[in-house]
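Let me begin by presenting the structure, written as structure tokens, before commenting on it.
Every chain is numbered from 1, with letters handed out A, B, ... down the list of sequences. This is a predicted model, so every value here is computed, not measured.
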Amino acid sequence: MADPNAVPFFDDDEPPAPGGGIAARAMAGVMRARTGGAGDYLEGLNPEQCEAVQTLDGPLLVLAGAGTGKTRVLTTRIAHILATGRARPSEILAVTFTNKAAREMKQRVAALVGDVAEGMPWLGTFHSIGTRMLRRHAELADLKSSFTILDTDDQIRLIKQILSAENIDEKRWPARSLAWAIDGWKNRGLAPKDVPPGDGALFANGRGKELYAAYQARLKVLNAADFGDLLLEPIRIFRENPDVLEQYHRRFKFILVDEYQDTNVAQYLWLRLLAPASGPRNLCCVGDDDQSIYGWRGAEVDNILRFDKDFPGAKVIRLERNYRSDAHILGAASHLISHNEGRLGKTLRPQGEDGERVTVTGSWDSGEEARSIADEIESLQRKGSNLNDMAILVRASFQMREFEDRFVTLGIDYRVIGGPRFYERQEIRDALAYLRCVNSSADDLAFERIVNVPKRGLGDATVQTLNGIARSARVPLMEAARLAADTEELKPKQRESLKTLTQNFQRWTQASDAMKHTELAEMILDESGYTEMWRQDRSPDAAGRLENLKELVRSMETFENLQGFLEHVSLVMDADSGEHMDAVTLMTLHAAKGLEYDNVFLPGWEEGLFPSQRTMDESGKAGLEEERRLAYVGITRAKRRAKIYFASNRRIHGMWQSSIPSRFLDELPENHVEVTEAPAAFSNRGFGESRFDKLEPFQNSTYTTPGWQRAQARGGFSERGTGFGSRRGGPTIIEGELVAKSTANAASYDTGERVFHDKFGYGEVLEVEGNKLLVAFDKAGHKRVLDNFVRRP
DNA sequence: CTGGTAGTTCGGTCA
DNA sequence: GAACTACCAG
């Protein structure tokens, strides 16, 4: 499965020879499908879908309710464009949010038109396409086209460095929150200079803006981009270079956007630039305002609500026929969502049976809730349902534990979606860091990650020293390590370690040309002592980690070389774990969007948990409406049965709290709902297993503090910004400081000069060799040191 | 530099 | 209640 990024980005630049190219093959494919009888691709579409597929000219918004065949419309539309010869595969820009969606779209287009979908280089996620564009025009963004993409982990470490360099107390201003803020700015399309003063004041007494600028400057030095840059930089490039933008205008005959309700400002701007309001731009956005659940991540429902104002003359097509859920389920969901204001308005129309009513079940506590759901699952299973057809959708991931415990006890197979992803695991990231270092010796963040993994006696202090050397000599850390191994800044032990390490890397890098990259990876993991480290590890998950490392090497096979693999990994790569077995799916409501199951269990419908108190505190009414949309998404995942639960007592942060049923329960229409009680609730003082299980909560609940006031008492972000802002330095100042620092230190010394060294004291310079000095210290004797460690007395 | 302990924090999630 | 971090002692 080739990722678009794995192919060189200029592949599609050459137009195919007239008549013989990919487009012709595409058409042939469609023709085959058509004459093959199995179907004209338009067959089986309802009138609205058909219209959405065939309305090719001008801006089009398809409002596709849950389960109305949205993906089908998108893919058929692409097939239609290709079949009618309106564009070649490389002239269609199709963006999704997730890799999964992109993959699915690619597969389904391929099913319609044949393998040509592989020839669709511009079908992908916002980020993968942004990467492609940025690599092509890297020099316009002050980067090399080989730039590395930082993930959240790298980002945090980088920010930590900046904070400590700026002497900012990490306790009061954690790197996380700055990362969060920067992310937020980037989501809103703001470069450091555009950050409004009020916003910048939110961090470190008004220094947020300058720190953001410093962070950006560091990224350029490291030849790196974070996820936000993958969109922001192309936007800037387009704005500053109309000729570049013009190339893309000429190229893209059609633009398609999936899940438009989830676009943030940056993505919106990016799309606006690529599809200007005027001219024959054929932009088709598909989305559902009722399923916008990522406001906290910067998504602007507004984008979809004002589509026809942004693109005058836009046509709006509503898909309202729902093929997924039975009538009772849709009735419940529709009535619930009707409590939201500011909707575009859509009514899902059921196509099938009434089915079963939505059930609402109350339990004493979360344990009982888990038991009664597990019982229900077993009973459905006895009646012949597959576990694969069941899902439990929770609001917050801490709710999952209770279910996992229960499933383990009962021996019910289950899978969790959305845990730490494969490539986010520690061992995978470590292994990747080694590979990144071999791929590019300038990858400082990767180097820093593995310099002391496994333990080599190279701790914080050593890394600090190396950083100092790297900064003053303006070389990457790897080079700094090589330098430091020859001088006497460090203790012999550390120098020895560094020497071995850098020599190893040198060897590996040389070997990388001649070897197969999978073998190279194995060799590196072996010789570095990394696999050995896990073999020695006694913790229970060590074996699994070794297994993961093997899996990593295996997954490299599908790539031609190391470079291609690393590119893929930074953007894509998720583990397709255990799809084959029959198991209940456990995941958050957010993760469930776009999926469907026969039986859906929705536990934890309690005030404070769902709707989440925190969301309501932060975003008020808008927050509540987003929670309601989340509830709507949850219910509409169900095809046959939707079962809702709430518990009277729940342990939160280790403390038992009593809770009241969610207001969303009151918003469900009576005629579609059946209220039941957990069977075990009747045996409160009784017998059987439940007595045992209930003992504990009963006792503890006497200590229960009522309600959610405590959570409310905690201030939101908004409080922080007020009252500060005494200092407001522009970003240029801080950049100047950074530059000044590194150049000032670079000034070298003459022989015979007196110098002072923090560790060795006063001395006289005997020799100067680049930035290395031989100094005769008064007390410490002759030492080789780097010039930035001494100063004039 | 390492390993232990004490203190803190605790939302969802995609690249 | 647990997991992660930061600090401290060896």
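- Residues A:Leu222 and A:Asp443 form no side-chain contact, since every pair of their non-hydrogen atoms from C-beta on lies 4.5 Å or further apart.
- Taking atom CG of residue A:Asp460 and atom P of nucleotide B:dG3, one finds them 14 Å apart after rounding to whole Å.
- Contacts of A:Ile293 with the nucleic acid, taken as non-hydrogen atoms under 4.0 Å apart, are absent.
- With respect to A:Glu402 and A:Arg651, no salt bridge is recorded, no charged nitrogen being found less than 4.0 Å from a carboxylate O.
- Salt bridge status for A:Arg135 with A:Glu567: present, with a side-chain N to carboxylate O gap under 4.0 Å.
- We find that CE of A:Met655 is positioned 15 Å from P of B:dT9, with the value rounded to whole Å.
- A:Phe126 comes within contact range of no nucleotide atom at all, as no heavy-atom separation falls under 4.0 Å.
- At a threshold of 4.5 Å between non-hydrogen side-chain atoms, the residues A:Tyr294 and A:Thr263 do not count as touching.
- Phosphate contact (OP1/OP2 of B:dA15, side-chain N/O of A:Thr152, threshold under 4.0 Å): absent.
- In this structure, A:Asn99 does not reach the B:dC14 phosphate: none of its side-chain N or O atoms is under 4.0 Å from OP1 or OP2.
- Relative to the side chain of A:Thr462, the nucleotides B:dC10, B:dC1, B:dG12 differ in distance, and B:dC1 lies closest.
- Nearest to the side-chain atoms of A:Arg297 among the listed nucleotides B:dA15, B:dG12, B:dC14 stands B:dC14.
- Set against C:dG1, B:dG12, B:dC14, the side chain of A:Trp180 has B:dG12 as its closest nucleotide.
- A:Thr98 comes within 4.0 angstrom of the backbone, heavy atoms only, and of no base.
- Take the nearest nucleotide of DNA chain B for A:Ser612 and for A:Lys493: the residue whose nucleotide is more 5' is A:Lys493.
- Atom-to-atom, CZ of A:Arg614 to P of B:dG12 comes out at 10 Å; the value is rounded to the nearest Å.
- Atom-to-atom, CD of A:Glu618 to P of B:dC10 comes out at 11 Å; the value is rounded to the nearest Å.
- If you check every strand for non-hydrogen atoms under 4.0 Å, A:Gln494 touches sugar and phosphate atoms only.
- Of the side-chain N and O atoms in A:Asn452, one or more sit less than 4.0 angstrom from OP1 or OP2 of B:dT2.
- A:Ser648 places none of its side-chain heavy atoms less than 4.5 Å from the side chain of A:Asp365.
- Between A:Arg651 atom CZ and C:dA2 atom C1' there is a gap of 11 Å when expressed in whole angstrom units.
- The distance between atom NE2 of A:His127 and atom C1' of B:dA15, rounded to the nearest whole Å, is 4 Å.
- For the pair A:Phe97 and B:dA15, the ring geometry does not qualify as stacking, because the centroid separation below 5.5 Å and plane angle under 30° are not jointly satisfied.
- Contacts of A:Arg401 with the nucleic acid, taken as non-hydrogen atoms under 4.0 Å apart, involve only primed sugar atoms and P, OP1 or OP2.
- No contact: A:Asp262 has no heavy atom under 4.0 Å from any strand.
- Distance NZ (A:Lys160) to P (C:dC4): 13 Å, rounded to an integer number of Å.
- Spacing between atom CD of A:Gln426 and atom C1' of C:dC4 amounts to 13 Å, rounded to whole angstrom units.
- Among the nucleotides B:dC1, C:dG1, B:dG12, the one closest to the side chain of A:Ala461 is B:dC1.
- No close placement of the A:Phe646 and A:Trp605 rings is indicated, their centers lying 6.0 Å or farther apart.
- When the nearest nucleotides of DNA chain B are assigned to A:Lys455 and A:Phe398 by heavy-atom distance, the more 5′-ward of the two goes with A:Lys455.
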